**Student:** 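Can you read through this structure? Questions will come right after.
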Amino acid sequence: MTAPPTVGDAASDPSGWYCFSVRPRLAEWDGVAWTGTSHAAVAGPVLPGPPGAFAFVRLPWFRWMALGQALVILPAILSGTTGFAWWSWISVVGYLAFLSGGVMVVSRFLDLDQLTGRRTLTWIGVGSGVVAFGLGFGLEVLVDHVAGWSTTLWLTGPIEEGGKLLVPVLLLVFGASRFKLPRVGLYLVLVSGATVGVLEGAEYEARPEFAWAHLQMALVRPSAELLHVFVAGFAAAVIWLAAWRRKRAVTTAGVVAFLIAAGIHSFHDGIITFFHVRPRSFNSTLAQTLREAIDRGLAGAALALVLAALLYLLARHGARELTAPGDIASCPPPWRPQIKAWGCDPPPVAVAAPGPWSVAGLYGPDGTPAPYGQVPHYGPPTPHALPACAAPPHAVCNAPAQAPSAWPPPAPAPPTPVPVPVPSIAPPGWYAVGGDPRLQGWWTGTTWTRLHRWDGNRWMRT
């Protein structure tokens, strides 16, 4: 997981400390992703504000989605006027354009179009989506046969979200090092989700038995299929970022993100069971005339657009953490990272010494005890002069930050573990190593281990 990525796979920004918002804070970038570590600075950079209210209409993702919606509606009109349902299968082209725009809106500030071998990654994502669609269809038919339609709807979340993530996660675990990069994993899952949406949307549009119901589906399904892109994209961003930081595929943050995605999907599909909707009664909601198709289709489209907007916010919440330092100056405020701690090591917890000791003592690697009863310093060390985070207007502080001269040089971190001759009376517990309050270690009674260093904001494992 530590193999050096290419410039296309990762970002061109070198590792170092960068400003990530207008707030006076610096965050650490390891050359691939944010590490989750940040500390205060004197001043923040000057960055652009939010774009205009309707600036999105000039962006490529909106044009692709508008074109896709038109290409979905046209075959539905042909099906309605001719009575031949097979015209609706041509809508797959429209769904492809529409959901390509959905992928663009999530990835537009992440430079995913610059990934090395993007064409190959795209085909892998398409194959993943085909596998997910086939697997989901088969499992849902089986569950429907065994447990009924209502149970099937409530299980669509884990079935379909798990299917979209299946191939990318297998590549994360068993594939080459490039599949462990957060931006690569996000792109694979976005394409996988879009592929599922294309197949499901075209299938829904061609399914109705009433001629004009195809138009109703054409108005509703494109926006509804964005769920597959946005929900899976949120889960992928968290899963891959946490995996990169923890150097393992399975993390607590990743599991929680998957459960959130699966829960949202299940609730989205299963909520109709509260209204006692059944497959036979479902057909009564389909339009039989042109007027009904327009009225019901527009009402459903409005609801689907509102839901898609909310799910987009969820996807952005995860994907914004992958915005590289060099893109911060050009992206709007909602796309600048918040430096979430997904996958980061928890800070050490102070543990009182057992036995007759009422408080922990202070021992250094040389075994020299501090005065009896002195408590190690577990909070932030004494503040020093903070580094400046100054930048020209509309630019980002993107040069690696050097240690300010006002800061004392950090004590060298000892190897782990370090056997030291400490008096036998020292009980196990957390101690400041070498008298440096910014370096805490766990004393087992014989060796130092689990060393953590204070970076100005939180404890990080060394």
Side-chain angles (χ1 to χ4, degrees), residues 1-6 9-11 13-18 20 26-39 110 115 161-162 164-190 232-262 314-315 317-325 337-349 413 415-417 430 439-442 448-462:
M1 188 170 290
T2 57
T6 65
D9 284 336
D13 304 287
S15 59
W17 291 86
Y18 295 86
F20 58 92
L26 292 169
E28 186 181 20
W29 174 264
D30 66 6
V32 173
W34 301 100
T35 65
T37 304
S38 65
H39 63 73
L110 305 181
L115 292 174
E161 296 306 318
K164 287 180 287 186
L165 289 166
L166 176 61
V167 172
V169 168
L170 288 177
L171 292 173
L172 170 65
V173 177
F174 302 107
S177 59
R178 68 174 312 202
F179 294 111
K180 297 172 173 57
L181 302 174
R183 293 163 69 243
V184 172
L186 175 63
Y187 182 70
L188 288 177
V189 176
L190 288 175
F234 159 75
V238 179
I239 290 171
W240 262 262
L241 180 58
W244 177 260
R245 290 171 173 174
R246 295 289 288 178
K247 310 305 179 187
R248 65 170 185 248
V250 179
T251 63
T252 301
V255 172
V256 171
F258 172 75
L259 293 177
I260 291 174
L314 177 69
H317 182 69
R320 68 189 298 179
E321 296 302 313
L322 305 184
T323 302
Q338 296 177 312
I339 313 300
K340 299 295 184 181
W342 299 328
C344 294
D345 288 333
V349 179
T416 306
W430 288 101
L439 182 64
Q440 301 283 337
W442 176 262
W448 291 100
T449 184
R450 296 164 61 184
L451 298 174
H452 289 69
R453 181 174 293 280
W454 181 261
D455 68 355
N457 182 57
R458 65 195 307 270
W459 292 102
M460 296 295 296
R461 190 186 298 271
T462 60

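Small disclaimer: the values here were computed from a predicted structure and weren't measured. FYI, the numbering just counts along the sequence from 1.
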**Student:** Taking Lys180 for the side chain and Gly175 for the main chain, is one N or O donor matched with an acceptor at less than 3.5 Å?
**Tutor:**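 Yes, the answer is positive, given that a donor and an acceptor are paired below the 3.5 Å cut-off.
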**Student:** Quickly, which of Thr251, Leu259, Thr252 forms a side chain to side chain contact (heavy atoms under 4.5 Å, CB included) with Val255? Name it, please.
**Tutor:**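 So, applying the side chain to side chain contact (heavy atoms under 4.5 Å, CB included) to Val255 and each of Thr251, Leu259, Thr252, only Leu259 qualifies.
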**Student:** Any non-hydrogen side-chain atom of Gln338 less than 4.5 Å from a side-chain atom of His317?
**Tutor:**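 Counting from C-beta outward, Gln338 and His317 do come under 4.5 Å.
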**Student:** So how far is it from Leu181 CG to Leu115 CG, rounded to the nearest 0.5 Å?
**Tutor:**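 Output value for this atom pair is 8.5 Å.
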**Student:** Nearest 0.5 Å please: distance from the CH2 atom of Trp342 over to the CZ atom of Arg245.
**Tutor:**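 Spacing of CH2 (Trp342) from CZ (Arg245) equals 8.0 Å.
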**Student:** Rounded to the nearest 0.5 Å, what's the gap from CG on Leu188 to NZ on Lys164? Could you check?
**Tutor:**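 Those atoms lie 14.5 Å apart.
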**Student:** Out of curiosity, Thr37 OG1 to Ile339 CD1, how far, rounded to the nearest 0.5 Å?
**Tutor:**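 Answer rounded to 0.5 Å: 9.0 Å.
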**Student:** Do you know the tightest heavy-atom contact between Pro14 and Trp29?
**Tutor:**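 That would be O-CD1, 3.4 Å.
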**Student:** Go through the steps to decide whether Trp34 and Tyr18 satisfy the test side-chain contact (heavy atoms from CB on, under 4.5 Å), and finish with yes or no.
**Tutor:** CA-CA 10 Å; Trp34 301 100; Tyr18 295 86; 3.9 Å; yes
**Student:** Minimum heavy-atom separation for Ala319 and Leu186, please, with both atom names.
**Tutor:**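 Answer, listing the atom of Ala319 first, then Leu186: CB-CD2, 4.3 Å.
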**Student:** Hey, is the main chain of Leu322 close enough, under 3.5 Å, to the side chain of Arg183 for a donor-acceptor pair?
**Tutor:**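 Checked: no pair found.
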**Student:** In a table with atom names and distances, give each donor-acceptor pair under 3.5 Å that connects a side chain of residues 232-243 to protein atoms at least two apart or in another chain.
**Tutor:**
from: Trp240; atom 1: NE1; to: Phe179; atom 2: O; distance (Å): 2.9

**Student:** For Glu321, enumerate each residue passing the side-chain hydrogen bond (donor to acceptor under 3.5 Å, both in side chains) test, keeping only those at least two apart in sequence or located in another chain.
**Tutor:**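 With sequence neighbours excluded, Glu321 shows a side-chain hydrogen bond (donor to acceptor under 3.5 Å, both in side chains) to no residue whatsoever.
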